[in-house]
Every structure is written in structure tokens, then in C-alpha cells.
Amino acid sequence: MGTIIEGVREAVYLITGLDPEILNIISVSLRVTGTALIFAILIGMPLGTFLGMVNFPGKKLFTALLYTGMGFPPVVIGLFVFIFFSASGPFGFLNWLFTPNAIIVAQTIIAFPLVAGFVMTAVMGIDRNLLRQMESLGASRLQLLWTTIKEARLGSVVAVVAGFGAIISEVGAVMLVGGNIRGRTRVLTTAIVLETRQGRFGLAIALGIILLTIAFILNIIMINLQEKEID
Amino acid sequence: MKPVYTIANLRKKYQNKEVLNIDNMQLYQGEIFGLMGPSGAGKSTLLRLLDFLEEPTAGVIEFKGERFGNGREPELKQKRKITTVFQRSALLRTSLWNNVVYPLKLRGEEINGEKKEEIEKLLEQMGLTEFKDQRADKLSGGETQRAALARALVFEPEVLLLDEPTSNLDPTNIGIIEEMIKQYIKKENKMILVVTHNIFQARRLADRVGLLHQGQLVETGEKKSFFNSPEQELTAKFLSGELVH
Ligand SMILES: Nc1ncnc2c1ncn2[C@@H]1O[C@H](COP(=O)(O)OP(=O)(O)OP(=O)(O)O)[C@@H](O)[C@H]1O
Ligand SMILES: [Mg+2]
């Protein structure tokens with residue numbers, strides 16, 4: 001009990017004092033995860049929209065693969081990325097292993113099926129009759145696509161938040177491919193693991209509070225958007 | 001009279017089930033054509049083909065002198081002269097106003113002072129002014145159908161296809177919608193096809209009437225002769241309410 005109280009006290013001290021180490025970890029986390037999220041959106045949104053709109057042979061198989069991807073153990077993705085980017089792997093020449101780039105690759109692979117899956121569900125939920133009506137009113141193919149995305153906007157927001165939540169809180173893959181190098185690839189989750197192991201509970205708790213706060217803020221934003229949508 | 005549509009040997013199949021089989025049919029500029037027929041006859045399907053939302057399985061649709069079908073589709077510019085108000089009105093999840101100006105936005109049109117006034121006048125005529133800022137999914141059935149018609153009229157299409165525009169509506173709403181249809185046909189270069197189950201409505205609105213039955217066009221004719229002295233036995237049966245399917 002004493003450790004916890006002491007830890008919390010230290011955490012508050014570190015956070016309010018804007019400890020440079022903490023700031024660095026937050027900055028690496030947000031930069032890496034933010035970049036991965038952008039890639040995941042760039043891949044996942046068009047893919048999800050396409051899967052939600054178009055029927056083609058083999059779509060069922062493809063969808064099943066996507067759902068599998070949504071629930072794929074991130075650490076296994078980390079393993080594959082590790083193998084592909086290790087010195088003897090096909091992408092070894094890039095020298096990305098244990099750099100932020102490797103983390104971005106892993107996190108993108110973890111997040112894009114989530115984004116695609118949620119967007120697909122949202123797009124499939126749009127009334128076919130409505131799309132027909134828009135086409136009849138003179139929408140071109142591109143305009144139809146844009147209207148679809150706008151109509152599925154709530155689902156798309158959920159998709160982005162879910163994707164972000166999944167990768168900001170992920171630890172196994174990041175540890176594997178990033179190597180938890182101080183100042184470079186040390187992110188919130190891997191730092192918590194390290195500090196806890198070394199008994200530096202104050203720092204660990206401080207980082208935990210920050211991670212929770214980020215998740216909390218995201219959910220507040222999402223709930224607000226949802227309410228706007230319902231009114 | 002100038003034909004807008006000329007249909008020849010038009011077929012539509014869904015999973016090998018033939019839904020439409022029309023040997024020939026013409027629709028003319030300046031007329032309101034009333035399309036009647038029992039449920040499942042293929043009326044909505046014909047409208048989708050006339051609006052080029054679906055391709056026919058076989059046959060030709062000539063639209064304003066150009067032949068389409070067999071993989072040939074009109075360009076967007078041509079398609080934008082036609083619109084359908086669907087049997088189930090579908091509005092976007094935004095305000096009524098945004099719904100009504102949507103087709104103008106699609107065409108990249110500016111909604112400036114003059115245009116805005118025009119639209120406001122249209123809404124006024126249709127009793128929609130007070131719902132302008134209301135979200136479309138909060139409108140009543142009658143308001144929804146009036147809004148859908150307003151949205152179709154706002155960009156002045158040459159061809160207006162109406163799929164049971166007043167089904168399930170009260171006399172006031174029916175009155176407003178029929179009045180708008182009658183006014184619209186008076187404008188230049190317009191053609192209206194209205195699907196209706198209501199013989200009285202067809203009498204009130206249409207210049208010519210046609211009966212569709214199991215995908216086939218049984219008979220078309222001037223309103224008077226169609227109702228008073230139909231040529232086909234099937235038409236007579238339909239008009240007397242004996243034809244169920
Ligand atoms: N996409 C589709 N796939 C398979 N069958 C279809 C499809 N669309 C329509 N049909 C069938 O085609 C037939 C004609 O349908 P349609 O909607 O054109 O009838 P309708 O005359 O408009 O009927 P109602 O008066 O009930 O609206 C029906 O038997 C319907 O089940
Ligand atoms: Mg119908």
C-alpha cells in the first residue's frame with residue numbers, strides 16, 4: 001500500500017513538473033502511433049468502403065481474412081515484422097529494426113484491419129435505396145463514394161478511435177520490433193513495463209495515468225460526436 | 001409530339017426470372033403518363049431502367065434520339081436530365097434544406113440570392129418552409145414525400161419519374177403533390193411518368209395511361225379511351241378490380 005501511495009505522489013510530481021523524460025516518451029508515442037494511424041486510415045478507409053459497397057467473387061473469403069486480422073494477436077504481427085526486417089529478412093537492407101519506422105509498420109498492420117472492418121460495417125449499414133436515390137439525383141461515381149463516406153462518418157470515427165486505441169496501448173509488438181530504446185523507441189507501454197520491472201513505480205504510474213488520460217479524452221470526443229449525430 | 005423515350009424489345013431478368021418484357025413503348029414530351037398495374041408487375045423495375053440506374057438484359061432504350069442498351073449507357077450529363085422519386089423516399093441524414101439543395105450541389109451550382117429565393121418559393125408552395133432546418137429523419141411521412149418531390153423539382157429535370165408519390169398519404173398531402181405535378185408539366189420540355197395504384201389519381205393527372213401486367217405492357221391509350229373503352233380484356237378486368245396478379 002505504501003508503495004502505491006508513494007508512487008502516486010511521485011507520479012503527480014513528475015507530471016506536474018513536466019519531467020523531460022516523460023515528455024519525450026509521450027512525444028515518441030504520439031508521433032509513432034499518429035503516423036501509423038494515418039497509414040492505417042489511408043489503407044483501411046478505402047478498403048472498408050470498397051468492401052462495403054462492391055460485391056465480387058471471393059469477397060466472403062476476403063472479409064473472413066479481414067475479421068481475422070481484426071483479432072490477430074499483435075505480438076504475432078510483431079514477430080513477422082521482426083523477421084521481415086531483421087538483417088537476413090527481405091527488408092533487412094532498410095535497417096529499420098529497432099527504429100520508429102519498424103514500430104510504425106507493425107502498428108499500421110495491427111490497426112488497418114480494424115479501421116477497414118469498422119468502416120465496412122458502417123458502409124454496409126447505409127441504405128442501398130438511399131444510394132440509388134442519390135445516383136438518380138445526378139451523383140457521379142466519385143460523388144456517390146463521397147456521400148457514402150459522409151453517411152458512414154460516425155462509423156468512420158469509431159473506426160479511427162478503435163484503431164488508435166488498439167495501437168497506443170499495444171506492448172508486445174512494439175517491444176519486439178522497437179527494442180524499447182530510451183529516447184528513440186521507448187513508448188508509453190514499453191516504458192511502463194521497464195519501469196515496473198526496475199521498481200520505479202512512480203514513473204510507471206505517471207505513464208499509466210497519462211495513457212489512461214489519452215484513452216479517456218478519446219472516448220469523450222467519440223461520445224460527443226455520437227450525441228451530435230443522434231440529435 | 002416529340003418522343004422522349006422509345007423502347008424496343010426491352011427485357012429485364014433477375015436470376016433468370018423474367019421481370020420485364022416490353023415489345024415497344026413511347027413516351028412523349030409534354031405529357032404525363034400514368035403507369036398502372038398490380039403489385040409485382042414490374043413498374044419500379046421499368047423506372048430503374050428508364051433512369052439508367054440498371055442495365056436491361058436485352059433490348060434498346062432510345063432516349064432523346066440516342067440508343068442505349070447492350071452495354072451502352074448514357075453519359076452523366078444525359079443521365080442528369082432524368083430523376084426518380086422512389087417509392088420509399090430516401091433522404092440524407094441532414095436538414096431538409098440540405099436535402100433539397102443536394103442535387104444542385106452535385107451539379108456544382110451556386111446557391112446565390114436569386115436561386116435561394118426560387119427554392120424558398122418552392123418550399124413555400126409545398127408547405128415545407130417551417131421544416132427547412134429540421135433534420136430529415138424527424139419529418140412525418142407526408143413531409144418526407146413532399147421533401148423528396150421538392151428535391152427532384154429543384155434542378156428542373158426534363159424527365160420526372162414518380163413511383164407512387166402519394167401512397168399512404170392523406171388528402172391534403174395528395175392535393176399538394178398533385179398540384180405540383182400539374183404545374184411542373186406546364187414548363188418547357190418536360191415529361192412525367194407517374195406510377196399509381198389509384199385509378200382516380202390517374203384520371204386526375206395523366207394524359208395517357210398504360211397497364212403493365214406480369215412484365216408486359218398490356219395496353220396504352222389516351223386517358224379517356226383507356227378508362228372508358230379499353231381494348232384488352234385484361235385492362236377491363238384490372239379497372240373493375242378483378243385482376244389481382
Ligand atoms: N433486384 C431484384 N432481384 C430479384 N428480383 C427482383 C429485384 N427487383 C425486383 N424484383 C422482382 O421483380 C418483380 C417486379 O418488381 P417491381 O418492384 O418492379 O414491381 P412493382 O410493379 O413496382 O410492384 P409494387 O406495385 O408492389 O411496387 C417482382 O417479382 C420482384 O420480386
Ligand atoms: Mg414498385
Side-chain angles (χ1 to χ4, degrees), chain A residues 45-46 48-50 52-60 118-162 221-231, chain B residues 44-45 47-54 73-95 98-109 133-138 144-145 147-163:
Chain A
M45 284 224 173
T49 311
F50 177 78
M53 283 181 88
V54 184
N55 279 319
F56 57 90
K59 181 175 167 178
K60 268 198 190 132
F118 279 106
V119 170
M120 180 180 83
T121 313
V123 168
M124 286 197 307
I126 297 174
D127 192 356
R128 298 275 116 179
N129 190 44
L130 182 75
L131 292 179
R132 269 258 167 77
Q133 179 70 81
M134 298 309 127
E135 195 184 347
S136 174
L137 287 166
S140 66
R141 294 217 161 196
L142 218 63
Q143 286 172 324
L144 220 51
L145 184 71
W146 178 236
T147 307
T148 305
I149 291 170
K150 275 210 312 213
E151 280 292 300
R153 60 188 175 258
L154 182 60
S156 305
V157 171
V158 174
V160 171
V161 173
I221 293 172
M222 196 157 86
I223 289 166
N224 269 322
L225 284 169
Q226 262 167 337
E227 266 177 5
K228 249 202 209 141
E229 197 68 21
I230 290 159
D231 287 341
Chain B
S44 298
T45 305
L47 261 52
R48 286 196 295 276
L49 296 183
L50 292 175
D51 200 358
F52 299 105
L53 296 171
E54 280 177 19
E73 252 191 280
E75 291 181 3
L76 187 63
K77 195 174 150 240
Q78 289 289 89
K79 280 197 201 178
R80 283 184 166 173
K81 293 177 178 161
I82 314 164
T83 199
T84 310
V85 176
F86 286 2
Q87 199 165 356
R88 277 192 301 125
S89 307
L91 301 181
L92 293 161
R93 285 186 306 172
T94 172
S95 68
N98 284 341
N99 266 285
V100 171
V101 299
Y102 180 80
L104 299 174
K105 292 236 170 99
L106 289 177
R107 288 161 177 76
E109 278 183 42
D133 300 316
Q134 192 156 318
R135 273 191 63 122
D137 45 9
K138 299 263 160 72
T144 304
Q145 278 183 276
L149 182 60
R151 182 175 61 182
L153 296 178
V154 77
F155 63 99
E156 309 226 332
E158 288 181 30
V159 173
L160 187 59
L161 307 168
L162 305 170
D163 202 344

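Residue numbers begin at 1 in each chain, while the letters A, B, ... track the order of the sequences.
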Heavy-atom contact with chain A under 4.5 Å, split by part of Leu161(B)
neither
Checking heavy-atom separations under 4.5 Å from chain B, one finds in residues 126-135 of chain A Asp127(A), Asn129(A), Leu130(A), Arg132(A), Gln133(A), Met134(A), Glu135(A)
Looking at Leu106(B) and Gln143(A), what are the two nearest heavy atoms and their distance?
O-NE2, 2.8 Å
Separation between CZ of Phe155(B) and CG of Leu137(A), rounded to the nearest 0.5 Å
5.5 Å
So, does Thr84(B) use its side chain to make a donor-acceptor pair with the main chain of Ser136(A) at under 3.5 Å?
no
Under 4.5 Å from a heavy atom of chain A, the part of Leu76(B) involved:
side chain
Counting heavy-atom pairs under 4.5 Å with chain A, the top scorer among Arg48(B), Glu54(B), Arg151(B), Arg107(B) is Arg151(B)
